[in-house]
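In what follows, chains carry the letters A, B, and so on, assigned in the order in which the sequence lines appear, proteins first and then strands, with residues in each chain numbered from 1. Note that the structure is a prediction, hence the values are computed from the model and not measured. All values below were derived from every heavy atom in this structure, side-chain atoms included, with hydrogens, water molecules and symmetry-related copies excluded.
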Amino acid sequence: DVIYTALIDGHCKADNITEAFSTLHSMLGRGVLPDVQTYTVLIHGLSKAGKMQDAMGIFSELQDKGLVPDVFSYSALIFGFCKQGEIEKALQLYDEMCSKNIEPNIVTYNALIDGLWKSGDNKKANDFFTTILEKGLVPNAVTCSIMINGLCKSGNVTEAFRLYDEMPLRGVMPDSFVYNALVDGCCKGGNLEKAIELFEEMVEKGFVTTLSFNTLIDGLCKFRKLDEASQLLEA
RNA sequence: GGACGCCUG
């Protein structure tokens with residue numbers, strides 16, 4: 001099982017769903033029974049590929065075989081539906097797992113909150129963030145970057161900075177995802193000075209990635225600050 | 001042996 005699951009996961013990560021299924025069939029052919037983890041890896045691969053009806057098909061197949069989906073299985077489906085913008089389905093699965101006492105964890109919430117921001121449901125995104133805290137779950141760097149990005153993109157850059165300032169108090173250190181989201185927020189909000197200031201802070205802390213350059217250069221270009229942009233490239 | 005987040009296009 002371990003070997004087959006790793007193999008199927010590898011095919012999925014290589015975006016080769018066809019090979020993943022042929023591995024599943026060959027394990028069935030050899031009388032090796034897939035377990036929940038095997039099916040979940042497939043569900044995740046299908047979800048990532050946007051094939052939600054197939055993912056749901058595997059999800060029911062797993063249950064038909066008497067296996068019980070776990071928090072990973074549900075999170076994978078929620079992630080997939082969010083990516084497709086089918087938030088209602090994601091929320092439905094969230095309710096379903098809660099009713100089955102399969103506790104959503106931080107990853108489940110992160111996927112859901114990201115989907116909510118991207119579908120423009122700012123209120124529900126904020127509400128679920130509150131839910132996390134109420135449940136005593138600990139937001140991680142991913143949670144913070146999702147929230148900060150969502151706040152920035154919805155024009156609440158000030159709120160985003162507030163969350164950023166709170167991060168150390170919550171025991172989470174900002175990473176390059178967080179910084180990049182903030183730099184992008186500043187750029188798109190027209191606050192190029194702040195964006196550059198943050199970028200310099202990132203340089204000091206070693207958080208600058210290629211994406212940081214893209215973000216800042218794009219921002220500077222869109223505001224016709226071509227001189228600053230080329231200066232950045234030369235430095 | 002399994003999960004989520006940043007820019008551009």
Using a heavy-atom distance cut-off of less than 4.0 Å, which residues of residues 163-174 of chain A contact RNA chain B?
none
Per-pair distances, 0.1 Å, donor-acceptor, side chain in residues 212-223 of chain A, under 3.5 Å, sequence neighbours excluded:
| unit_1 | atom_1 | unit_2 | atom_2 | d |
| --- | --- | --- | --- | --- |
| S212(A) | OG | N180(A) | OD1 | 2.7 |
| S212(A) | OG | T209(A) | N | 2.8 |
| S212(A) | OG | T209(A) | O | 3.2 |
| S212(A) | OG | T209(A) | OG1 | 3.1 |
| T215(A) | OG1 | L211(A) | O | 2.7 |
| D218(A) | OD1 | K222(A) | NZ | 3.0 |
| D218(A) | OD2 | K222(A) | NZ | 2.9 |

Review item, side-chain donor-acceptor pairs of residues 226-234 of chain A, under 3.5 Å, at least two apart:
| unit_1 | atom_1 | unit_2 | atom_2 | d |
| --- | --- | --- | --- | --- |
| S230(A) | OG | L226(A) | O | 2.8 |
| S230(A) | OG | D227(A) | O | 3.1 |

Between the main-chain N or O of G85(A) and the side-chain N or O of K118(A), is there a donor-acceptor pair closer than 3.5 Å?
no
Sorted by first residue and then second, give each salt bridge (charged side-chain N to carboxylate O under 4.0 Å, His left out) pair with at least one member in residues 135-161 of chain A; sequence neighbours left out.
E103(A)-K135(A), K153(A)-D184(A), E159(A)-R162(A)
Within the 4.0 Å limit for protein heavy atoms, which parts of nucleotides 3-9 of chain B are touched? Write it as a string from 5' to 3', B for base, S for sugar-phosphate only, - for none.
BBBBBS-
The complete set of salt bridge (charged side-chain N to carboxylate O under 4.0 Å, His left out) pairs with one or both residues in residues 18-43 of chain A, sequence neighbours excluded, reads none
Interatomic distance, L46(A) CG vs rG2(B) P [rounded to whole Å]
18 Å
Residue pairs passing the ring-ring contact (aromatic ring centres under 6.0 Å, His included) test where at least one lies in residues 52-84 of chain A, sequence neighbours excluded
H44(A)-F79(A), F59(A)-Y74(A)
Under 4.0 Å between any heavy atoms, over every strand shown, what does T38(A) touch: base, sugar-phosphate, or nothing? Just pick one.
base
Among all residues two or more places apart in sequence or in another chain, which pass the side chain to side chain contact (heavy atoms under 4.5 Å, CB included) test with A181(A)?
I148(A), N149(A)
Partner set under ring-ring contact (aromatic ring centres under 6.0 Å, His included) for Y94(A), not counting sequence neighbours:
Y109(A), F128(A)
